[in-house]
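Accompanying notes for the structure given below.
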Amino acid sequence: MPRHPLLCRSPLRRHGLVTAIVAGVLAAVFGGSNVQVSGPTGAMVVVLAPIVASHGAGAVVVVTLLAGVIVLAAGVLKLGRAVSFIPWPVIEGFTLGIAVIIFLQQVPQLTAATPTPGHSSQAVVAAMQSIVAADPGYLAWSLGAALVVAACMLLAPRVHAAIPGSLVGIVLVSVLALVIPNPLTRIGALPSGLPAPSIPALDPALLGSLLTPAVTVAALAAIESLLSGRVAASMADTGTFDPDRELVGQGVASIGSALFGGMPATGAIARTAVNVRSGGRSRIAAIFHSVVLLAVVLVAAGPVGTIPLAALAGVLMVTAVRMVHLGTVRAILRSTRADALAFVVTAVVTVSFDLIVAVVIGVVLAGVVALRSLSRSSSVHRESVDAPHVVPSPAADDDAPDGLRHDGAAEGDERIAILRLDGPLVFTAADRIFDEIRAISGVSVVVLRMSQLELVDATGARMLGDIVQALEARGVTVLIKGIQPRHEDLFRTVGVLGALRHHKHLFDDLPTAIGHARDHVRRERSGPTP
C-alpha cells in the first residue's frame, strides 16, 4: 500500500515508475476525483508478486492490460456507485487502519531496515522487527531527520499557507545531510528513462491462466481507488467525487500503463492524503506530480537519489497522523454499539489483513446490524374494534343496527381481530410476524391493516399469503384493508390476494371492513338459514 514508487526495491521498480508517470496523468485527467493521486501501491505489489514468480515479470503487463479493461467496463456499467453502500463507520475505520499502516510502513525506513512492500499485516511485523533490531546510533540520526521534516510541515503553514512544508523539510534535511557527515540511507540510483510504448504480446495460452489474477487485480484497483477518493473527499472541500468516472479513469490509466510496460494503477491514499493536506484542490496537482517524476527520471535522478529515506518517512508519518480526526473517532464510538463495532472491526482488519477483507467484513457486519434493526422495527399490533374506527351516534342504543352499543362496540366484536402491520416486512422478520399472527385464537374474522407497511419484499409477501391460507384453513375469515398501490402487483403475483376466500374481502377503508366482519360474525352466530 502507500509507498512511493521511488522507494520500491523490488524487480517491479521500473514498472512502478512508469505507472506513476503515465497512469498518474491519465487517471488525473479522466478520473472522478479532483485530488486523487494514482500510481503503484504496496498492496498491488503483493498481488503481482505471485504472478511474477509463476509467469515472469512480462506477465505483469498483460495482467495490467486485462485489469484495465475490466475496471473500465465496470465504470461504463456504472458500478462505481456501489461505494455509496459502504457505511460511514466502515469508511472511517478503513481510514484509521490505512493511517496506522502508513505510519508503520515508515518505521523500517527510520531504522535502515530493508523495505518490505506487501500485505498490511507485514507492516506491523516489519515495524516490530525493525524496532527490535534498530541501531541506537543510526536511529538517533533518522529520528532527527524525521523530526526536522515534521517541524517544517507543522510550522510552515503558520508562516504562510502557500509554503509547502513537506518540500521545505525534505530540501532542508537533504542539504544538511550533504554538509554534515551522517549514516543516513539515501533513495539511491533511479532508472534513467522510460520505455517506448508498444502493444503487449497476447499469448492465448497465457491469457486463460492470467484471467483470474487480472480479476483480482481489477477488484483491488477499483476498491482501493474508490475508497481513496471517498476518503479524500471527506478530508477537505475537494469538489464532487464521481465514482463511475473514477473507475473509467483508473481503467484508462492501467491500459495506458500497460502500453508503456507498467503495472496496474490505483488511487494511492498516502499520496492523495499528502496532496490534500498540502492544499491541492485541482487535477493540476496530480498531473504535476507525474511531470515532476518524469523530470526526475530525465534530468534530476542524481540529486533526488541523495534524499535520505528518513526525510520521506517523516512526511508520510505526519500525513498519517493528520488523516485521523479524533473528534470523528469519538463521535462514532459514542454513537451506537453497532456502528462503533463496525468502526473498530474495520480498522483492526485493515491493519491485520488488507483493505479488501476489511471492507467486505465491515460492510457485511454493518449489513447484518442494519437487517437486525430493520427486523426489529417490524411489528403487529392488535387494535380494538370499537374505537376510534367506529364512532356511534349519541342516540344509538342496544337495538341499533348491528347491535351497536353506546360504547361503540357491537355484539360479537370479541370474535373480530384487527391486526395492524407496521414497518418493513422483509425476510428477516417474516417468520416472527407469521408466528405472532398465527398465535391469534378465539376469533372468527381477522382484519389485516396494511396501510402502514413501509417496505415489502418477496419473502414478506409470500409469508402474508401463507398466513391467509393458514387462517382460512382454521375456518377464520381474513379481510385485507389498505393495500398500497406500490405493493399491489407484488401481492397479486406472489398469491396474497388469491389466497383470500372471496375477492370482496379486499377493502379500501376500515369502517367498511369492520361492517363486513360484523355481518360475518352475526351470520355465524345466527346459524344457517332454514
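By convention here, the first residue in the shown sequence is residue 1. Computed from a predicted structure; not experimentally measured. Below, all heavy atoms of this structure are taken into account, side chains as well, without hydrogens, waters or symmetry copies.
Taken to the nearest 0.5 Å, the CG atom of Leu298 stands 7.5 Å off from the CD1 atom of Ile21. Taking CD1 from Ile332 and OG from Ser335, the interatomic distance works out to 6.5 Å, rounded to the nearest 0.5 Å. Atom NZ of Lys78 is separated from atom CZ of Arg245 by 11.0 Å, given to the nearest 0.5 angstrom. The distance from the OG1 atom of Thr306 to the CZ atom of Arg186 is 7.0 Å, given to the nearest 0.5 Å. With rounding to the nearest 0.5 Å, the separation of OG1 in Thr111 from CD in Gln129 is 10.5 Å. Here the straight-line distance linking atom CZ of Arg376 with atom OG1 of Thr428 works out to 11.0 Å at 0.5 Å rounding.
For Val456 against Leu490, the heavy-atom pair with the smallest separation is O-CD2, 3.7 Å. Across all non-hydrogen atoms, the minimal contact from Pro89 to Ala342 is CB-CB, 4.5 Å. Counting all heavy atoms, side chain and backbone alike, Gln109 lies closest to Leu309 at OE1-O, 3.6 Å. In terms of heavy atoms, Ser174 sits closest to Ile307 at OG-CG1, 3.6 Å. Nearest heavy atom pair, residue Leu110 against residue Ala313, reads CD2-CB, 4.0 Å. Closest heavy-atom contact between Leu139 and Ala134: CD2-CB, 4.3 Å.
Partner of Leu66 under the side chain to side chain contact (heavy atoms under 4.5 Å, CB included) criterion, out of Val217, Leu207, Val215: Leu207 alone.
By the neighbour-count criterion of 12 heavy atoms within 6.0 Å, atom CD1 of Ile199 is sparsely surrounded, having that number or fewer from other residues, nucleotides or ligands. Crowding of Arg486 atom CZ: a count of heavy atoms from other residues, nucleotides or ligands under 6.0 Å exceeding 12. Counting non-hydrogen atoms of other residues, nucleotides and ligands closer than 6.0 Å to CZ of Arg372 gives a total of 12 or fewer.
Using a 4.5 Å heavy-atom threshold, the side chains of Leu365 and Leu341 count as touching. Between Trp141 and Ile180, some side-chain heavy-atom pair lies under the 4.5 Å cut-off. The side-chain heavy atoms of Arg322 and Met153, taken from C-beta on, include a pair separated by under 4.5 Å. Using a 4.5 Å heavy-atom cutoff, the side chains of Leu65 and Ile255 are in contact. Side-chain atoms of Met128 and Val107, non-hydrogen and from C-beta on, never get closer than 4.5 Å to each other. Residues Ile361 and Val345 form a side-chain contact, since some pair of their non-hydrogen atoms from C-beta on lies under 4.5 Å apart. Inter-residue side-chain proximity for Ile91 and Arg230 is flagged as met; some heavy-atom pair is nearer than 4.5 Å. In this structure, the side chains of Leu455 and Leu425 stay at 4.5 Å or more apart for every pair of heavy atoms.
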Only pairs under 3.5 Å count here: list side-chain donor-acceptor contacts from residues 30-39, not counting sequence neighbours, and write none if there are none.
from  : atom 1 : to     : atom 2 : distance (Å)
Ser33 : OG     : Val35  : N      : 3.2
Ser33 : OG     : Gln36  : N      : 3.2
Asn34 : OD1    : Arg283 : NE     : 3.4
Asn34 : ND2    : Thr238 : O      : 3.0
Gln36 : OE1    : Ser228 : OG     : 2.6
Gln36 : OE1    : Thr272 : OG1    : 3.2
Gln36 : NE2    : Ser225 : O      : 2.9
Gln36 : NE2    : Glu246 : OE2    : 3.2
Ser38 : OG     : Gln250 : NE2    : 2.8

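With salt bridges taken as basic N to acidic carboxylate O contacts below 4.0 Å, none links Asp457 and Arg462.
A side-chain donor-acceptor contact under 3.5 Å links Asn182 to the backbone of Ala177. A donor-acceptor contact shorter than 3.5 Å is absent between the side chain of Ser257 and the backbone of Ser254. Counting only distance, with no hydrogens or angles, the side chain of Thr328 and the backbone of Val324 share no donor-acceptor pair below 3.5 Å. Between the side chain of Thr19 and the main chain of Met263, a donor-acceptor pair closer than 3.5 Å is present. In terms of modelled atom types and a separation under 3.5 Å, the side chain of Asp244 and the main chain of Gly80 share a donor-acceptor contact. Counting only distance, with no hydrogens or angles, the side chain of Thr459 and the backbone of Phe427 share no donor-acceptor pair below 3.5 Å.
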(request) Applying side-chain contact (heavy atoms from CB on, under 4.5 Å), run through Ile269 and Val231 and close with a yes or a no. (result) CA-CA 8 Å; Ile269 183 59; Val231 170; 3.8 Å; yes
(request) Go through the steps to decide whether Val321 and Phe103 satisfy the test side-chain contact (heavy atoms from CB on, under 4.5 Å), and finish with yes or no. (result) CA-CA 8 Å; Val321 172; Phe103 191 94; 4.2 Å; yes
(message) Show, in sequence, the C-alpha distance, side-chain angles and deciding distance for Tyr138 and Leu184, and conclude whether the side-chain contact (heavy atoms from CB on, under 4.5 Å) test is met.
(response) CA-CA 7 Å; Tyr138 181 90; Leu184 293 177; 4.1 Å; yes
(message) Under the criterion side-chain contact (heavy atoms from CB on, under 4.5 Å), I'd like the reasoning laid out for His325 against Glu92: C-alpha separation, chi angles, the key distance, then a yes or no.
(response) CA-CA 9 Å; His325 301 282; Glu92 294 298 336; 5.5 Å; no
